[in-house]
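Contents: one structure, followed by commentary.
In the text below, chain A, chain B and the rest are named by the order of the sequence lines, each starting its count at 1.
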2 protein chains.
Amino acid sequence: MSKAAIPSQLDTTILAETFRLLGDPTRLRILFFCLDEPRSVGDIATSLDLSQSLVSHHLRLLRGARLVRGNRQAKQIFYELADKHVSDMLVDMAHHVCEESGED
Amino acid sequence: MSKAAIPSQLDTTILAETFRLLGDPTRLRILFFCLDEPRSVGDIATSLDLSQSLVSHHLRLLRGARLVRGNRQAKQIFYELADKHVSDMLVDMAHHVCEESGED
DNA sequence: CATACATATGAACAAGTATTTATATGTTTG
DNA sequence: CAAACATATAAATACTTGTTCATATGTATG
């Protein structure tokens, strides 16, 4: 039990798919921007200085992977991280990377 | 302090770079294969059914990002994960993804 | 030192993907 | 229902990147 289980090749592919989606700066910025509170598409685009279309495209990918979830409120749609797993994942990784300098 | 800090745009880029490297099935398989014990390039190639050249190329990228580290032992070079941060990161993420089905 | 073994590198190619531009869908309000 | 607002989609383009094939570098051994 001490040794980590090596994922099957299929699991590895799924895991890689998730990593790949997180591996784009624009998408990551969108995710972090939606981390604390739901944000409308327009708000994301304006605040992050991205075109509305681009934001929409990325949100579609993130939605497809169940990384974010959108709620319509009148004309606007507010996106937030899909669940706690996703947000924990992001926060954990951010910590890992921040503490990565000057070790060993 | 309860809210997660939103990384700067620069940090986000670095974080994305790490995610991007983890976002390839072949690289992930290599990393998991080297998780428990150091493995020679030839061993990786044979066990994972990949060409020696391909393994070498990927190892170079992983080395560049300080995700793995290689130790020469006579003719062979044994690769292992760079440090505990990296291995923890992988194991954590694997858990996150495995438990991702059927929540909320 | 020449041969065999192990790994690394370089060029070339194929496939994927982030971004833009233009347009469509959906929702409210007068 | 028409106009205005907010988001989504489609097609096209430019760029990145995973893989292969060929070759080079490095290391031990006879």
Side-chain angles (χ1 to χ4, degrees), chain A residues 9 12-34 37-82, chain B residues 9 12-34 37-82:
Chain A
Q9 186 159 350
T12 306
T13 303
I14 297 172
L15 184 54
E17 174 66 18
T18 305
F19 277 129
R20 194 182 60 76
L21 284 168
L22 300 178
D24 177 78
T26 305
R27 276 194 293 268
L28 259 192
R29 289 177 64 211
I30 293 176
L31 287 173
F32 276 109
F33 187 65
C34 300
E37 42 174 331
R39 308 276 196 173
S40 75
V41 179
D43 188 9
I44 299 173
T46 302
S47 302
L48 269 43
D49 193 35
L50 304 166
S51 80
Q52 179 268 314
S53 173
L54 183 56
V55 173
S56 225
H57 276 298
H58 283 305
L59 285 174
R60 181 150 79 128
L61 295 176
L62 295 172
R63 240 186 299 137
R66 303 268 169 81
L67 289 172
V68 302
R69 177 179 50 175
N71 290 318
R72 178 142 233 154
Q73 204 127 349
K75 289 189 231 172
Q76 305 180 17
I77 299 180
F78 289 83
Y79 281 90
E80 61 189 330
L81 299 211
Chain B
Q9 185 159 350
T12 307
T13 303
I14 297 173
L15 183 54
E17 174 66 18
T18 305
F19 276 129
R20 194 181 59 78
L21 284 168
L22 300 178
D24 177 78
T26 305
R27 276 194 294 269
L28 261 192
R29 290 177 64 211
I30 293 175
L31 286 172
F32 277 110
F33 188 64
C34 300
E37 42 174 332
R39 307 277 196 173
S40 75
V41 179
D43 189 10
I44 298 172
T46 303
S47 301
L48 268 45
D49 193 34
L50 305 166
S51 79
Q52 178 268 315
S53 172
L54 183 56
V55 173
S56 226
H57 277 296
H58 282 306
L59 285 174
R60 181 149 81 127
L61 295 175
L62 295 172
R63 241 187 298 138
R66 303 267 169 80
L67 289 172
V68 301
R69 178 178 49 175
N71 290 319
R72 177 141 235 154
Q73 205 127 348
K75 289 189 232 173
Q76 304 181 11
I77 300 180
F78 289 83
Y79 282 90
E80 61 189 330
L81 299 210

Quiz item: Sub-3.5 Å donor-acceptor pair from the side chain of B/R72 to the main-chain atoms of B/A74, do we have one?
Solution: yes
Quiz item: With side chains defined as the heavy atoms from C-beta onward, is the minimum distance between A/D24 and B/R20 less than 4.5 Å?
Solution: no
Quiz prompt | Sequence-distant partners of B/R29, salt bridge (Lys or Arg N to Asp or Glu O under 4.0 Å), two or more places apart | solution = none
Exercise. Would you indicate, yes or no, if D/dA8 has its OP1 or OP2 atom less than 4.0 angstrom from a side-chain nitrogen or oxygen of A/Y79?
Key: yes
Quiz item: In whole angstroms, how far is the C1' atom of D/dA8 from the CD1 atom of A/I77?
Solution: 8 Å
Quiz item: Is B/N71 atom CG crowded by more than 12 heavy atoms from other residues, nucleotides or ligands, each under 6.0 Å away?
Solution: yes
Exercise. For A/F78, answer base if it contacts any base atom (sugar-phosphate contacts may also be present), sugar-phosphate if it contacts only those atoms, and nothing otherwise; contact means non-hydrogen atoms under 4.0 Å.
Key: nothing
Quiz prompt | Heavy-atom side-chain proximity of B/C34 to B/V68 below 4.5 angstrom | solution = no
Self-check item: Min side-chain heavy-atom separation A/E80-A/F78 under 4.5 Å
Solution: no
Practice problem: Go through the structure and list residues passing ring-ring contact (aromatic ring centres under 6.0 Å, His included) with B/F19, not counting sequence neighbours. | Solution: A/F19
Quiz item: Which parts of nucleotides 24-30 of chain D does protein reach within less than 4.0 Å, heavy atoms only, written one letter per nucleotide 5' to 3' as B for base, S for sugar-phosphate only and - for none?
Solution: --SSS--
Quiz item: Taking C-beta and beyond as the side chain, do A/T26 and A/H58 meet within less than 4.5 Å on heavy atoms?
Solution: yes
Self-check item: Non-neighbouring partners of B/D43 that pass salt bridge (Lys or Arg N to Asp or Glu O under 4.0 Å), sequence neighbours left out
Solution: B/R39
Exercise. Identify the 5'-most and 3'-most nucleotides of DNA chain C with at least one atom closer than 4.0 Å to a non-hydrogen atom of chain A.
Key: C/dT17 to C/dT28
Practice problem: Round to a whole Å and report the spacing from CG of B/L21 to P of D/dT16. | Solution: 15 Å
Quiz prompt | Sugar-phosphate or base contact per nucleotide [nucleotides 17-22 of chain D; S, B, -; heavy atom under 4.0 Å] | solution = SSSBBB
Practice problem: Report yes if some heavy atom in the side chain of B/R27 is under 4.5 Å from a heavy atom in the side chain of B/L61; otherwise report no. | Solution: yes
